[in-house]
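Working notes for the structure below.
FYI, the numbering just counts along the sequence from 1.
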Amino acid sequence: MSIPAPFVSRPMDIEKDWIDYNGHLNMAYYNVLFDRCSDEAFEAMGMGLDYVKERRLTIYTAEVHVCYVQELHLDHKVTVSFQLIEHDEKRLRAYQEIRHVDGWLAATSETLSLHVDMSGPKVAPFPADVLARIQAMRAAHSVLPMPERAGRSIGIKRRWAEPASISPH
């Protein structure tokens with residue numbers, strides 16, 4: 001089986017109810033698009049709906065960092081990519097991009113996900129068969145460069161020196 005690098009979702013439409021009062025895609029629905037692609041990628045790694053139902057194991061999101069680059073509108077169609085950056089026996093770190101079908105970048109997301117045994121729920125190691133599929137996807141994605149936007153943090157860059165505080169005498 002050939003593993004695409006990166007994994008790319010099926011084309012997706014922007015839904016009418018997702019448009020906010022500013023006339024563009026509401027910020028929450030960028031996450032819906034990222035999540036739909038993640039679901040497709042997880043399915044490819046053996047962690048889809050059947051995995052949850054039959055094995056009572058699943059993926060929980062622990063942390064997400066989204067960057068909104070360009071507005072999306074109702075008439076736009078997009079694809080979402082999923083690049084597995086790293087993993088260990090219980091966690092996945094992925095980088096995603098939403099791109100308009102014309103190719104321009106709309107948003108990026110970096111996610112840390114946890115593998116969870118739903119009987120706890122508690123974080124648990126991946127079963128060997130799933131771990132093998134994760135390793136195969138990571139191997140396929142290892143040829144990709146580290147995304148420039150991965151590993152970013154949030155902060156305010158100061159362009160000037162803050163005034164020195166004056167202490168009372």
What's the shortest heavy-atom distance between [X] and [Y], and which atoms?
X: L72; Y: I14; answer: CD1-CD1, 4.3 Å
X: M137; Y: A44; answer: CE-CB, 4.3 Å
X: V130; Y: G46; answer: CG2-O, 4.1 Å
X: S109; Y: V64; answer: OG-CG1, 3.5 Å

Next on the checklist: Tell me whether the count of non-hydrogen atoms from other residues, nucleotides or ligands lying under 6.0 Å of CE in M118 goes above 12.
Outcome noted: yes
Next on the checklist: Set out, in order, the CA-CA distance, both residues' side-chain angles and the distance that settles salt bridge (Lys or Arg N to Asp or Glu O under 4.0 Å) for E40 and R10, then state yes or no.
Outcome noted: CA-CA 9 Å; E40 291 181 29; R10 61 183 166 63; 3.3 Å; yes
Item to check | Connected via hydrophobic side-chain network under 4.5 Å: L112 and L57 | outcome: no
Item to check | Any donor-acceptor pair under 3.5 Å from E71 side chain to H24 backbone | outcome: no
Item to check | Intermediate values then yes/no, side-chain contact (heavy atoms from CB on, under 4.5 Å), M27 and V66 | outcome: CA-CA 9 Å; M27 62 181 281; V66 176; over 6 Å; no
Checklist entry - Which pairs, with at least one residue in residues 101-120 and sequence neighbours excluded, count as a ring-ring contact (aromatic ring centres under 6.0 Å, His included)? => result Y51-H115, H76-W104, H100-W104, H115-F126
Next on the checklist: Show me the pairs that pass ring-ring contact (aromatic ring centres under 6.0 Å, His included) and involve residues 53-72, at least two apart or across chains.
Outcome noted: Y30-Y68
Item to check | Criterion side-chain contact (heavy atoms from CB on, under 4.5 Å) on M45 and L84, from CA distance to verdict | outcome: CA-CA 11 Å; M45 290 183 281; L84 186 57; 4.3 Å; yes
Item to check | Distance (rounded to the nearest 0.5 Å) between I19 CD1 and H73 NE2 | outcome: 8.0 Å
Next on the checklist: Apply side-chain contact (heavy atoms from CB on, under 4.5 Å) to residues H87 and Q135 and explain how you reach the verdict.
Outcome noted: CA-CA 8 Å; H87 69 87; Q135 290 168 333; 3.7 Å; yes
Checklist entry - In this structure, which one of R91, R93, H141, R138 forms a side chain to side chain donor-acceptor pair (under 3.5 Å) with E86? => result R93
Item to check | Heavy-atom side-chain contact between L33 and W18 under 4.5 Å | outcome: yes
